[in-house]
2 protein chains.
Amino acid sequence: MPDKSPAAGKPIRTAITTEDGIDFAIIELFFFAYRDFTSDPDQILADYGFGRAHHRVLHFVNRRPGLTVAELLDVLKITKQSLARVLKQLIDTDHVVQLQGPRDRRQRELYPTAKGRALALALARPQSRRIHAALKDSGATERTLVERFLEAMVNPELRAQIDVGSAKLSGKSHGEQ
Amino acid sequence: MPDKSPAAGKPIRTAITTEDGIDFAIIELFFFAYRDFTSDPDQILADYGFGRAHHRVLHFVNRRPGLTVAELLDVLKITKQSLARVLKQLIDTDHVVQLQGPRDRRQRELYPTAKGRALALALARPQSRRIHAALKDSGATERTLVERFLEAMVNPELRAQIDVGSAKLSGKSHGEQ
DNA sequence: AGATTATGTCAGTACTATTGACGTAATTTC
DNA sequence: GAAATTACGTCAATAGTACTGACATAATCT
C-alpha cells in the first residue's frame, strides 16, 4: 500500500528552509562529521569485540589516570549499571586496572595498563589524523576558532570537565580532585 | 578485590599527552559537543516515544522531500531492517507519508506531513539556538570556517550527500534526483 | 551506633543496530 | 515474453548500549 491511508495528512513537497532562522547547514554537517569521526575507531574496536563505550572509558582513563568510578560516571553521563559491563571487560582483558583509593578506601582509582595505553593511542590516531587533515590549510587562529566553537557547543555547567582535561593536556598540575 | 589480579599489567599513572601528535583536545571537545548537541532533541523525542533514529529520518525527509527509501538508507548508512521499525512508526503516527514513485512505481517517495514538518522544526530549534549561541560573537568569516572544518571532517566520498542539502538550503534548484 | 557514600551486582526493559532469509511487485534484459 | 534484477517489506535472531529499580558490602562520616 504505497498510497496514503484514509486520515493521513497531505504530503509537503517543499524542502524545509532556513525559515525561522534554523541553521540546517551546520546541524547536518555536525551529524555527518561525527558519524565519520567515530567510524574510524569503530573498525579497530570490532577486532577486540569492543564498542564505542569501551573507547570512551579507555579514553578518559588514559586522559585522567586515577579517576574514580564516580568521576568517570559523571564525565560520561551514564549510570553505573551501564558502565559495569564495559569496565569489567576492560579490566578482564587487562586494559585497565583498579587500585584502592589511598585517601578513601571505598574508591576505586582507574588506571590504564601499557596495553590499555597502546589501544587508546591506536584508537585516537585515525581521529587525530582526520582532524589534522581537516585543518591542514589552517593556522593557529583557525584552530583556536574551531576549538572555541566546539567548547561553546557544550553545556556551560559541564565545561569544567573539559577544562580539567585541557589543563592536564597542557601539562599543568591540578591539586587534588 | 580492588587490587590487581596476578597477571595484570602495571598501572600507568601519567596522563596521555599530545605525544605522537595526537589531538586530544579536539577529540574530546567533539565528543562533549556532540553529546550535548543531541541531548536537546532527545528530551522532546521522549515525549513522543521516539528516539534519535526517528529524528534523523524526520530530518532528512524534511530536507529532501520525495527521497526514496533507498536514498534514505544511503544517507543514514543503516540497513533497511533498522529503518523499517522507525519509518513505520513515523508513518503510523502521520508524521511521514509514502507515495508511489511516478517514474518507477516500485519506489516509495517519502514526504513529511504538516505534523512531521512541525516536529522536525521543533527538534531543530534548540539545536539551532545552541549553534547560534556558540557563534554569537562571530562574523560570517568564522561561521564559514566552522562549516568548512565540519565538512572537511566528513569522508570525501560522502560529501556529495551534503552538497545536495546545502544546495537546497541556499535556495538553489537541483534538477531531478 | 547509625546514616551516608562508593561501588558492585542482579533483573528486567528499551532502542538502535546487525545478518540472513524470504516474498512481492515492478522494471530491465535477453 | 520469460528470466533476471531491483525496490521494498518483513520475519527471526542477535548484539551493544542505555535505562530503572532493588539489594549488598565495605568504608567513612556524624
Side-chain angles (χ1 to χ4, degrees), chain A residues 1-3 5 31 34-35 38-39 41-58 66-92 96-110 177, chain B residues 1-3 5 31 34-35 38-39 41-43 45-59 66-92 96-110 177:
Chain A
M1 34 314 262
D3 271 79
S5 55
F31 164 69
Y34 196 76
R35 183 190 64 180
T38 52
S39 71
D42 280 356
Q43 298 203 332
I44 300 170
L45 288 160
D47 299 336
Y48 292 77
F50 290 161
R52 233 173 253 186
H54 299 83
H55 184 187
R56 293 197 286 266
V57 170
L58 209 47
L67 53 32
T68 64
V69 171
E71 285 166 353
L72 183 55
L73 292 175
D74 192 52
V75 169
L76 297 177
K77 294 270 172 284
I78 57 172
T79 59
K80 61 178 173 176
Q81 296 90 332
S82 298
L83 176 62
R85 174 188 55 94
V86 169
L87 183 56
K88 192 176 190 319
Q89 288 174 333
L90 286 171
I91 291 168
D92 288 348
V96 172
V97 289
Q98 285 181 314
L99 298 185
Q100 205 170 51
R103 280 170 289 279
D104 186 336
R105 291 185 315 184
R106 289 171 305 180
Q107 295 184 331
R108 304 286 178 264
E109 291 185 346
L110 303 173
Q177 47 184 7
Chain B
M1 34 316 256
D3 272 78
S5 56
F31 164 69
Y34 195 76
R35 183 190 63 180
T38 52
S39 70
D42 280 355
Q43 299 204 331
L45 289 160
D47 298 337
Y48 292 77
F50 290 163
R52 230 171 258 185
H54 299 84
H55 185 187
R56 292 196 287 265
V57 170
L58 208 47
H59 172 89
L67 53 34
T68 64
V69 171
E71 285 166 351
L72 184 54
L73 290 175
D74 192 51
V75 170
L76 297 177
K77 295 268 172 288
I78 56 171
T79 59
K80 61 177 173 178
Q81 294 91 330
S82 298
L83 177 62
R85 175 188 55 94
V86 169
L87 183 56
K88 191 175 192 316
Q89 288 175 334
L90 286 171
I91 290 168
D92 289 348
V96 172
V97 289
Q98 285 181 314
L99 297 184
Q100 205 170 52
R103 281 169 289 279
D104 185 334
R105 292 184 314 181
R106 289 171 304 180
Q107 295 183 330
R108 304 287 178 262
E109 291 185 344
L110 303 172
Q177 46 182 14

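The chains referred to below are lettered A, B, ... by the order of the sequence lines, with proteins before strands, and numbering in each begins at 1.
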What is the separation between atom [atom1] on [X] and atom [atom2] on [N], rounded to the nearest whole Å?
X        : N      : atom1 : atom2 : result
A/Leu58  : D/dT17 : CG    : P     : 13 Å
B/Leu67  : D/dC8  : CG    : C1'   : 15 Å
B/His55  : C/dC15 : NE2   : C1'   : 16 Å
A/Leu72  : C/dA6  : CG    : P     : 15 Å
B/Lys77  : C/dT19 : NZ    : C1'   : 18 Å
A/Leu90  : C/dG8  : CG    : P     : 13 Å
A/Asp104 : C/dA6  : CG    : C1'   : 7 Å
A/Gln107 : C/dT5  : CD    : C1'   : 10 Å

Does C/dG8 have OP1 or OP2 under 4.0 Å away from a side-chain N or O of A/Gln98?
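Yes, because at least one side-chain N or O of A/Gln98 sits under 4.0 Å from OP1 or OP2 of C/dG8.
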Intermediate values then yes/no, side-chain contact (heavy atoms from CB on, under 4.5 Å), A/Leu110 and A/Gln98
CA-CA 5 Å; A/Leu110 303 173; A/Gln98 285 181 314; 3.4 Å; yes
Closest approach to the side chain of A/Arg105, judged atom by atom: which nucleotide of D/dA27, D/dT17, C/dG8 is it?
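Among D/dA27, D/dT17, C/dG8, the one nearest the side chain of A/Arg105 is D/dA27.
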Among D/dT20, C/dA17, D/dT28, the nucleotide that comes nearest once only the side chain of A/Thr79 is considered:
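Among D/dT20, C/dA17, D/dT28, the one nearest the side chain of A/Thr79 is D/dT20.
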Whichever of B/His54 and A/Val69 has its nearest DNA chain C nucleotide further upstream toward 5':
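Of the two residues, A/Val69 wins.
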With nearest nucleotides of DNA chain C determined for B/Leu83 and A/Glu109 from heavy-atom distances, which residue corresponds to the more 5′ nucleotide?
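The residue whose closest nucleotide sits nearer the 5' end is A/Glu109.
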base_contact_polar (C/dT27 base, B/Arg106 side chain, donor-acceptor, <3.5 Å)
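Result: no qualifying N/O pair found.
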Whether the side chain of B/Gln81 and the base of C/dG20 hold a donor-acceptor pair under 3.5 Å is what I'd like checked.
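Counting by modelled atom types and ignoring angles, a donor-acceptor contact under 3.5 Å is found here.
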Could you check whether B/Lys80 gets within reach of a base, just the sugar-phosphate, or nothing at all, counting any heavy atom under 4.0 Å?
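The residue B/Lys80 makes base contact.
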Considering every strand and a 4.0 Å limit on heavy-atom distances, what is the contact class for B/Arg85: base, sugar-phosphate, or nothing?
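Base contact - B/Arg85 has a heavy atom under 4.0 Å of at least one base atom.
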Toward the 5' end of DNA chain D, which comes first, A/Ser82 or A/Pro102, by nearest nucleotide?
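Closer to the 5' end of DNA chain D: A/Ser82.
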Out of curiosity, B/Arg108 CZ to B/Leu87 CG, how far, rounded to the nearest 0.5 Å?
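Between B/Arg108 CZ and B/Leu87 CG, I get 11.0 Å after rounding to 0.5 Å.
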Which residue, A/Gln81, A/Lys88, A/Gln89, forms the side chain to side chain contact (heavy atoms under 4.5 Å, CB included) with A/Arg85?
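Running side chain to side chain contact (heavy atoms under 4.5 Å, CB included) over A/Gln81, A/Lys88, A/Gln89 with A/Arg85 returns exactly one hit, A/Gln89.
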Look at the aromatic rings of A/His54 and A/Phe50 and report parallel, tilted or perpendicular, splitting at 30° and 60°.
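Plane angle under 30°, so parallel.
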Residue from B/Gln107, B/Arg106, B/Gln100 passing side-chain hydrogen bond (donor to acceptor under 3.5 Å, both in side chains) with B/Asp104:
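That would be B/Arg106; it is the only one of B/Gln107, B/Arg106, B/Gln100 passing the side-chain hydrogen bond (donor to acceptor under 3.5 Å, both in side chains) with B/Asp104.
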